[in-house]
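Here the structure is laid out as structure tokens; the discussion comes afterwards.
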Amino acid sequence: MKITVMTLFPEFFDSFKTTSIIKRALERNLVEFETVDFRLYTKDKHNHVDDTPCGGGQGMVLSPQPIVDCLKDIKEDASFVIMMSPQGETFTQKKAREFAKNIKHLIIICGHYEGFDERIRSYVDLEVSLGDFVLTGGEPAALVVSDAIIRLLNGVILEESHEDDSFENGLLEYPQYTRPVEFDGKRVPDVLLSGHHANIKRWRLKQSLKKTLERRPDLLENRKFTKEEKNLLKEIEDEKNNL
């Protein structure tokens, strides 16, 4: 997979490309990641890429010319173009999986200043948001989207390492523990030390259901529960009523 980020600040991604899992993925050619400074495409004699909003108002608006010319230059037949925007579709783990599986070349356009000239949107396949808040620019959001996708690509990390991640199976992840067995009066649950894999698996599923029920009940609203999950939910409810 290839990811191209269109940005006015390519240096923002320097540490991202040279750190930990992402660095190893790039070195092993499991993904291609590049940044393109769309300021290089402006035809303005002062290298401006923005202008004041028509009709008046605060801030500056990104002009269509440099972004569209840049896009036309780097776009390939298999490219899918997204724009980071607070008006966009909320990015989810499901969307990250779809991108990782189905897209060969992802182009991410990062905004800045007050926003985009509306005409730019006609060159975009999808607008994407991280949530109901506004950032100073699209770079932090593009980094998050890229990270979420890259870690799901084949060979980047062991598949088992993300199978139980929060949202992968529609539930929040179960609690994790490591040594020492006891720390500051708090002990690792005995079931995790038992070596009984079936009991451990059942405990983890129960804890995932319990945590999801407590923190994100909305994730369970349309879930089709297995027989085991229904039994575990009854246990959780009974334990709650007996407190």
Side-chain angles (χ1 to χ4, degrees), residues 1-38 67 70-71 73-112 116 120-121 123-173 176 208 212 216 219:
M1 182 181 191
K2 179 180 179 181
I3 299 176
T4 302
V5 179
M6 291 173 50
T7 173
L8 293 173
F9 305 98
E11 65 277 6
F12 183 92
F13 299 89
D14 288 348
S15 61
F16 175 68
K17 295 185 291 184
T18 58
T19 305
S20 188
I21 292 172
I22 305 302
K23 177 184 178 182
R24 293 196 295 271
L26 291 169
E27 290 175 343
R28 295 165 59 194
N29 296 317
L30 299 175
V31 65
E32 183 179 350
F33 183 90
E34 65 178 3
T35 56
V36 178
D37 185 350
F38 59 81
I67 290 179
C70 177
L71 192 57
D73 186 42
I74 66 174
K75 192 173 181 181
E76 304 169 2
D77 290 340
S79 298
F80 188 83
V81 183
I82 67 173
M83 172 193 289
M84 303 312 306
S85 164
Q87 301 179 25
E89 178 180 317
T90 302
F91 187 68
T92 62
Q93 186 69 13
K94 179 181 178 181
K95 185 62 66 177
R97 287 196 303 269
E98 291 175 0
F99 285 177
K101 181 180 180 181
N102 300 321
I103 296 178
K104 294 182 178 180
H105 182 208
L106 179 66
I107 298 176
I108 306 176
I109 305 176
C110 298
H112 216 77
F116 296 95
I120 296 172
R121 288 186 159 86
Y123 298 87
V124 171
D125 295 306
L126 182 70
E127 294 184 49
V128 175
S129 169
L130 292 189
D132 295 338
F133 52 90
V134 180
L135 301 169
T136 56
E139 285 76 18
L143 189 151
V144 169
V145 169
S146 298
D147 185 281
I149 294 170
I150 291 173
R151 68 187 299 275
L152 295 176
L153 297 176
N154 291 335
V156 174
I157 61 176
L158 292 175
E159 187 171 349
E160 293 82 358
S161 296
H162 58 72
E163 282 181 344
D164 293 324
D165 284 346
S166 293
F167 309 112
E168 277 293 342
N169 61 357
L171 301 173
L172 300 184
E173 187 178 11
Q176 295 274 23
S208 284
T212 307
R216 289 293 304 277
L219 296 176

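Index from 1, following the sequence.
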Looking at [atom1] of [X] and [atom2] of [Y], how far apart are the two atoms once the value is rounded to the nearest 0.5 Å?
{"X": "Ile21", "Y": "Leu30", "atom1": "CD1", "atom2": "CG", "result": "12.0 Å"}
{"X": "Asp125", "Y": "Met83", "atom1": "CG", "atom2": "CE", "result": "11.0 Å"}
{"X": "Ile109", "Y": "Ile82", "atom1": "CD1", "atom2": "CD1", "result": "9.0 Å"}
{"X": "Thr18", "Y": "Lys23", "atom1": "OG1", "atom2": "NZ", "result": "7.0 Å"}
{"X": "Glu32", "Y": "Lys104", "atom1": "CD", "atom2": "NZ", "result": "14.0 Å"}
{"X": "Leu219", "Y": "Leu171", "atom1": "CG", "atom2": "CG", "result": "7.5 Å"}

Taking all atoms of both residues into account, what is the closest heavy-atom pair of [X] and [Y], and its distance?
{"X": "His105", "Y": "Thr4", "answer": "NE2-OG1, 2.8 Å"}
{"X": "Ala142", "Y": "Ile108", "answer": "CB-CG2, 3.7 Å"}
{"X": "Ala100", "Y": "Met1", "answer": "CA-SD, 4.4 Å"}
{"X": "Gly88", "Y": "Ser129", "answer": "O-CB, 3.6 Å"}
{"X": "Ile150", "Y": "Ala25", "answer": "CG2-CB, 4.2 Å"}
{"X": "Arg121", "Y": "Ser85", "answer": "NH2-OG, 3.7 Å"}

Take Tyr123 and Lys75 through the test side chain to side chain contact (heavy atoms under 4.5 Å, CB included) and record every step on the way to the result. CA-CA 11 Å; Tyr123 298 87; Lys75 192 173 181 181; over 6 Å; no
Just say parallel, tilted or perpendicular for the rings of Phe16 and Phe33, cut-offs at 30° and 60°.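 If you compare the ring of Phe16 with that of Phe33, the planes turn out perpendicular.
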Just wondering, more than 12 heavy atoms not from Asp14 lying within 6.0 Å of its CG?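 Count over threshold, so yes.
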Heavy-atom count check: over 12 atoms from other residues, nucleotides or ligands less than 6.0 Å from Lys17 NZ?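 Buried by this count: over 12 neighbours within 6.0 Å.
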Evaluation steps, side chain to side chain contact (heavy atoms under 4.5 Å, CB included), between Val5 and Phe12: CA-CA 11 Å; Val5 179; Phe12 183 92; over 6 Å; no
Thr212 side chain to Leu172 backbone, donor-acceptor under 3.5 Å: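 Indeed, once roles are kept as given, a pair shorter than 3.5 Å links the two residues.
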Between the side chains of Lys95 and Glu98, is the shortest nitrogen-to-carboxylate-oxygen separation below 4.0 Å, so that they form an ion pair?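 Answer for the salt bridge query: yes.
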Pair Asn102, Phe80 - check side chain to side chain contact (heavy atoms under 4.5 Å, CB included), show working. CA-CA 10 Å; Asn102 300 321; Phe80 188 83; over 6 Å; no
Less than 4.5 Å apart, side chain to side chain, heavy atoms only: is that true for Leu135 and Met84?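 Of all side-chain heavy-atom pairs linking Met84 with Leu135, none is under 4.5 Å.
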Would you say Leu130 and Val145 make side-chain contact, with heavy atoms under 4.5 Å?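 Leu130 reaches Val145 side chain to side chain.
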Just do the side chain to side chain contact (heavy atoms under 4.5 Å, CB included) check on Asp37 and Thr7 with the steps written out, would you? CA-CA 5 Å; Asp37 185 350; Thr7 173; 6.0 Å; no
